[in-house]
Amino acid sequence: MLVVKKFGGTSVADKERIFNVARRIEKSYKAGDDVVVVLSAMGKMTDVLIDQAKDINPNPSKRELDMLLVTGEQTSVALMSMALSVLGVPSISLNAFQVAMHTTSSYGNARLKRIDSERIRHELDQKKVVVITGFQGVNKYDDFTTLGRGGSDTTAVALAASLHADKCEIYTDVEGVYTADPRVVKKARKMKEITYDEMLDLASLGAGVLHNRSVEMAKKYNVQLVVRSSLNEEEGTIVKEKVKVERMLVSGVAADKNVTRISVIGLEDRPGVAFRVFDLLAKANINVDMILQSIGREGRKDISFTVTEDMADEALELLENSKERLDYQKLDHRTNVAKVSVVGAGMMSNPGVAARMFECMYNSNININMISTSEIRVTVLIDEKDTEKAMNAAHDAFGLED
Ligand code: ADP
Ligand code: ASP
Ligand code: MG
């Protein structure tokens, strides 16, 4: 059996944790499995490296930043291979270059395009455990790229798909996927199973337990995932196409603090104005999320929308530079906001969900800034300081506890 096992940063944070993981790998190897391991950087190493870069240059080039960040994962794979060797397990560590994991060219947010499996197959044939760097790739200029924060999950799923692995296990510091972040909502419940679609929504709306692209890719290539703890033997959560359990109205609550709200105030109220604003942003590859347009008064209207925090400066600068062409009066932005969402395929065509969400925000005295909905989610934009309160309130209101 070929298994891909991915271990996140906390799971390899220090010597003791590295040996803990090495022993788990040893067990699987000795049971006769072909084992491919994907690792993240140790602990908070990626944050440390980003701080180090910004200390030298507040605005480092994206290429050089990726060049720096990939060292985090290289450290953990080399150390893991050394630990496996102490346990007498033959292994080899490989980075994205050595494997050849080809990505698009964009630094900091590259997408995996193709993985050469020849080297990995060769090493597996030599009966070695192959320990591979997560989060990184190589672009057409032969430069290192990274896949976005949390991207090691995507490396693992991509490897599982390209190697046709029998299993893809994501080991982390919680026991699986919960109805909400268990560190924020104490009553959160571990789910036995969840569908790709619901997991994709939770991940995209801020549930950091899985990188959203990893779920997208798992769905596309039908890779069944297991999310489980690296610290105990509990069963974990299976992410797959269809689940057996009866569908709840809402399957989970997620929050995302990485949001900035931008308001373009006093735009002319005539056709084509919204198009010009969003076309400007789209051409710069700036993803816009929630959108709210006010009703026109005295020939003027306002448009507000949200972007991720790292995109806010660029968006504001673009709008500032186009002030005359777009013909607006004022630009405004707020960073201390957060999105809180309830997600669930069961809410499709159930009109009561949005009302219940708004009611529980009201009961908790939380003001709603913006709203967006789809068939399977309701999202509210609120003050960031209310995030934890809102998550707990929504979790209670939809009866998600045991
Ligand atoms: P790793 O380093 O293993 O990739 P992450 O920190 O990226 O770990 O992801 C695990 C964390 O995700 C947990 O510690 C938990 O706080 C958070 N999390 C957010 N939402 C959820 C959820 N719905 N279920 C489980 N964990 C969640
Ligand atoms: N080390 C990277 C990060 O911290 C990738 C990952 O952990 O998945 O974002
Ligand atoms: Mg992660």
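Residue numbers run from 1 in the order of the sequence given. Indexing begins at 1, ligand by ligand and atom by atom, following the structure's order.
- Taking the charged nitrogens against the carboxylate oxygens, Arg261 and Asp289 have no contact shorter than 4.0 Å, which rules out a salt bridge.
- Counting heavy atoms closer than 4.0 Å to ligand 1, residue Ala254 contributes nothing at all.
- Relative to the ring axis of Tyr328, Lys323 places its NZ or CZ within 45° and under 6.0 Å from the centre.
- Looking at heavy atoms from C-beta onward, Val36 lies in side-chain contact with Leu124 at the 4.5 angstrom threshold.
- Note: Asn367 CG to Ile382 CD1 = 9.5 Å, rounded to the nearest 0.5 Å.
- Within 4.0 Å of ligand 2, counting heavy atoms only, the contacting residues are Ser40, Ala41, Thr46, Glu73, Phe135, Arg149, Gly150, Gly151, Ser152.
- Scanning the protein for heavy atoms near atom 4 (O) of ligand 1, the closest one is Lys6 NZ, 3.0 Å.
- Using a 4.0 Å cut-off between a side-chain N of Lys or Arg and a carboxylate O of Asp or Glu, Asp33 and Lys167 do not qualify as a salt bridge.
- Protein heavy atom at the shortest distance from atom 27 (C) of ligand 1 is Val209 CB, 3.6 Å.
- For the pair Gly208 and ligand 1, a heavy-atom separation below 4.0 Å is found.
- Listed by number with element, the atoms of ligand 1 under 4.0 Å from a non-hydrogen atom of Gly9 are 2 (O).
- Between Glu235 and Lys192 a salt bridge is recorded (basic side-chain N to carboxylate O distance below 4.0 Å).
- Contact annotation: Gly252 has no heavy atom less than 4.0 Å from any atom of ligand 1.
- Under 3.5 Å, the side chains of Ser81 and Ser93 contain no donor-acceptor pair of N or O atoms.
- If you take NZ on Lys6 and CG on Leu210, they are separated by 8.0 Å, rounding to the nearest 0.5 Å.
- A salt bridge links Glu388 with Lys257: the closest approach of a Lys/Arg side-chain nitrogen to an acidic carboxylate oxygen falls below 4.0 angstrom.
- When the heavy-atom distances from atom 16 (O) of ligand 1 to Thr46, Thr172, Asp181, Leu39 are ranked, the shortest goes to Asp181.
- At a threshold of 4.5 Å between non-hydrogen side-chain atoms, the residues Leu147 and Thr103 count as touching.
- Residue Gly150 places every heavy atom at 4.0 Å or more from ligand 1.
- Applying the 4.0 Å criterion to heavy atoms of Asp173 picks out, from ligand 1, the atoms 10 (C), 11 (C), 13 (C), 14 (O).
- For Thr260 and His333, the side-chain atoms include no donor-acceptor pair closer than 3.5 Å.
- Near Val174, meaning under 4.0 Å from one of its heavy atoms, ligand 1 places the atoms 13 (C), 14 (O), 25 (C), 26 (N).
- Ligand 1 has an N or O atom lying under 3.5 Å from an N or O atom of Tyr178, backbone or side chain.
- Less than 4.0 angstrom separates some heavy atom of Gly176 from each of these atoms of ligand 1: 24 (N), 25 (C).
- Between Ser152 and ligand 1 there is no heavy-atom distance shorter than 4.0 Å.
- In this structure, atom 6 (O) of ligand 1 is not in close contact with the protein, since no protein heavy atom lies within 4.0 Å of it.
- A salt bridge links Asp279 to Lys283: one of the charged nitrogens lies within less than 4.0 Å of a carboxylate oxygen.
- Looking at Thr179 next to ligand 1, no N or O pair under 3.5 Å apart turns up.
- Salt bridge absent: Arg300 and Asp269 never bring a charged side-chain N and a carboxylate O closer than 4.0 Å.
- Using a 4.0 Å cut-off between a side-chain N of Lys or Arg and a carboxylate O of Asp or Glu, Glu193 and Lys240 qualify as a salt bridge.
- For ligand 1, the polar-atom distance check finds no N/O of Ser40 at less than 3.5 Å from any of the ligand's N/O atoms.
- Contact of the Phe135 side chain with the Leu69 side chain is registered, since non-hydrogen atoms from C-beta on lie closer than 4.5 Å.
- Put simply, part of Val177 is less than 4.0 Å from ligand 1, judged by heavy atoms.
- Between Gly206 and ligand 1, no N or O atom pair is found at a separation short of 3.5 Å.
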